[in-house]
Amino acid sequence: MMNQQQPYTGQIYQPTQTYTPAATDSVYGSTFDDEPPLLEELGINFDHIWQKTLTVLHPLKVADGNIMNETDLAGPMVFCLAFGATLLLAGKIQFGYVYGISAIGCLGMYCLLNLMSMTGVSFGCVSSVLGYCLLPMIILSSFAVIFSLQGILGIVLAALIIGWCSFSASKIFISALAMDGQQVLVAYPCALLYGVFALISVF
C-alpha cells in the first residue's frame, strides 16, 4: 500500500524555528566599509591621468612605461569630446569623423606596433596613448574658433601641433614597449593620423 503524506501542521506565513537566516556578513562580505571605491572599481585613477597628461604636455619629459602601458580610456574619451566640442564651436559638426578616424587609426597602429615590437601591445593601450596625445590638437582647434587657420600661420601652427602629437605618442610607445631606436619609425604613422585631425581643424 502507498504511504500517505503527512499533513503540514505549521503556519503558512510563519517559518519554523529550525530555519535560521544566514548572516548578512556571509552573504555580502564583511562590511560596506571594506568595499573599494567606485572609481577604483571602474579603473579610473586621477593621478595616472594627470601624469599621462603632463607627459603629453611636456614632450621632453621621460615617460613612465608602467603607467603608460595600462589601459585607461577615461582621459582619451574626455579629450575626444573636447576636440569635437571645439570643432563644434568653430562651426564644424565632426563628431562622427573624430570617432571614426580614431577607431581606424587605433586599429592601424595596433597592427603596426604588434608587428614592430617584440612584446606586443593591447588595443586598449594603443587607444589610450593615441587618445591622450590628441590633447595638443585641442589647442589647434581652439585657435580655429578665434581666427581662420587657412593661411601661412595656420599651416605652420598645424605642422607644429602634428609634430608635438606624433613626438609625444612615439615617445610613450617606445618607452612602454621597449622599442629603443625606433622612435622615428613609430612617429611617422602617428604623424599621418594626427595630420588627418589637423586637416579637419584647419578646413
Side-chain angles (χ1 to χ4, degrees), residues 43-44 49 52-53 55-57 59 63 68-117 120-151 153-177 179 182-203:
I44 299 174
I49 291 173
K52 291 178 183 179
T53 305
T55 303
V56 173
L57 290 176
M68 297 301 167
N69 208 3
E70 63 186 26
T71 303
D72 168 34
L73 296 178
M77 290 296 289
V78 170
F79 292 153
C80 283
L81 282 173
F83 182 58
T86 51
L87 288 175
L88 186 63
L89 290 174
K92 303 169 186 174
I93 306 174
Q94 307 288 358
F95 281 99
Y97 285 109
V98 170
Y99 284 108
I101 293 168
S102 298
I104 294 171
C106 289
L107 185 63
M109 286 298 298
Y110 168 73
C111 297
L112 184 66
L113 289 172
N114 277 319
L115 291 173
M116 292 177 64
S117 66
V121 64
S122 65
F123 183 77
C125 177
V126 173
S127 304
S128 176
V129 171
L130 291 177
Y132 273 104
C133 293
L134 191 66
L135 181 58
M137 201 60 63
I138 299 173
I139 300 172
L140 180 67
S141 59
S142 299
F143 279 121
V145 175
I146 302 170
F147 56 86
S148 175
L149 297 176
Q150 297 181 15
L153 180 62
I155 292 172
V156 171
L157 187 60
L160 289 174
I161 294 293
I162 291 170
W164 185 358
C165 292
S166 60
F167 182 78
S168 297
S170 61
K171 175 191 66 174
I172 294 171
F173 279 133
I174 64 168
S175 67
L177 302 176
M179 299 169 60
Q182 300 182 18
Q183 186 170 2
V184 177
L185 295 175
V186 176
Y188 177 67
C190 291
L192 293 178
L193 173 62
Y194 291 117
V196 177
F197 289 124
L199 287 174
I200 294 176
S201 300
V202 172
F203 300 104

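Just so you know, these numbers come straight off a predicted model, no measurement behind them.
The environment of Tyr97 atom OH is sparse: at most 12 non-hydrogen atoms of other residues, nucleotides or ligands sit within 6.0 angstrom. Counting heavy-atom neighbours within 6.0 Å of Phe123 CZ, excluding the residue itself, gives a total above 12. Within a 6.0 Å radius of CG in Leu115, other residues, nucleotides and ligands contribute more than 12 heavy atoms.
Of all the heavy atoms in Met179 and Val186, the pair that sits closest is CE-CG2, 3.8 Å. Minimum heavy-atom separation, Cys80 to Val98: O-CG1, 4.3 Å. Closest non-hydrogen pair, Met116 versus Leu185, comes out as CE-CB, 3.7 Å. Counting all heavy atoms, side chain and backbone alike, Ala191 lies closest to Ile162 at O-CG2, 3.7 Å. Residue Cys133 comes nearest to Ser168 through the heavy atom pair SG-C, 3.7 Å, listed as atom of the first residue, atom of the second, then distance. Nearest heavy-atom pair, Val126 versus Met109, reported as atom, atom and distance to 0.1 Å: CG1-CB, 3.8 Å.
Applying the side chain to side chain donor-acceptor pair (under 3.5 Å) test to Gln182 and every residue at least two apart in sequence or in another chain returns nothing. Every side chain to side chain donor-acceptor pair (under 3.5 Å) that Ser141 has, sequence neighbours left out, goes to Thr86. With sequence neighbours excluded, the residues satisfying side chain to side chain donor-acceptor pair (under 3.5 Å) with Tyr132 are Asp72. Every ring-ring contact (aromatic ring centres under 6.0 Å, His included) that Phe147 has, sequence neighbours left out, goes to Phe143. In this structure, Ser201 has no side chain to side chain donor-acceptor pair (under 3.5 Å) partners at least two apart in sequence or on a different chain. Considering only residues two or more places apart in sequence or on other chains, Phe167 meets the ring-ring contact (aromatic ring centres under 6.0 Å, His included) condition with none of them.
Note: Cys106 SG to Leu193 CG = 7.0 Å, rounded to the nearest 0.5 Å. Note that the CD1 atom of Ile174 and the CG atom of Leu113 stand 11.5 Å from one another [nearest 0.5 Å]. Rounding to the nearest 0.5 Å places CG of Leu87 at 10.0 Å from CZ of Phe197. Atom SG in Cys165 sits 6.5 Å away from atom CD1 in Ile161 (nearest 0.5 Å). For the atom pair CZ (Phe83) and CG (Leu134), the distance works out to 6.0 Å, reported to the nearest 0.5 Å. With rounding to the nearest 0.5 angstrom, the CG atom of Leu130 is 11.0 Å from the OG atom of Ser166.
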Verify side chain to side chain contact (heavy atoms under 4.5 Å, CB included) between Ile172 and Lys52, making sure each step is shown before the conclusion.
CA-CA 9 Å; Ile172 294 171; Lys52 291 178 183 179; over 6 Å; no
Could you walk me through whether Leu140 and Met137 pass the side chain to side chain contact (heavy atoms under 4.5 Å, CB included) test, one step at a time?
CA-CA 5 Å; Leu140 180 67; Met137 201 60 63; 3.7 Å; yes
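Cys190 has its side chain within reach of Phe173: a pair of non-hydrogen atoms, C-beta onward, lies under 4.5 Å apart. For the pair Val78 and Ile49, the minimum side-chain heavy-atom distance is 4.5 Å or more. When side chains are defined from C-beta on, Val184 does not count as touching Tyr188, because their heavy atoms never get closer than 4.5 Å.
Without hydrogens or angle criteria, Trp164 side chain to Val56 main chain gives a donor-acceptor distance under 3.5 Å.
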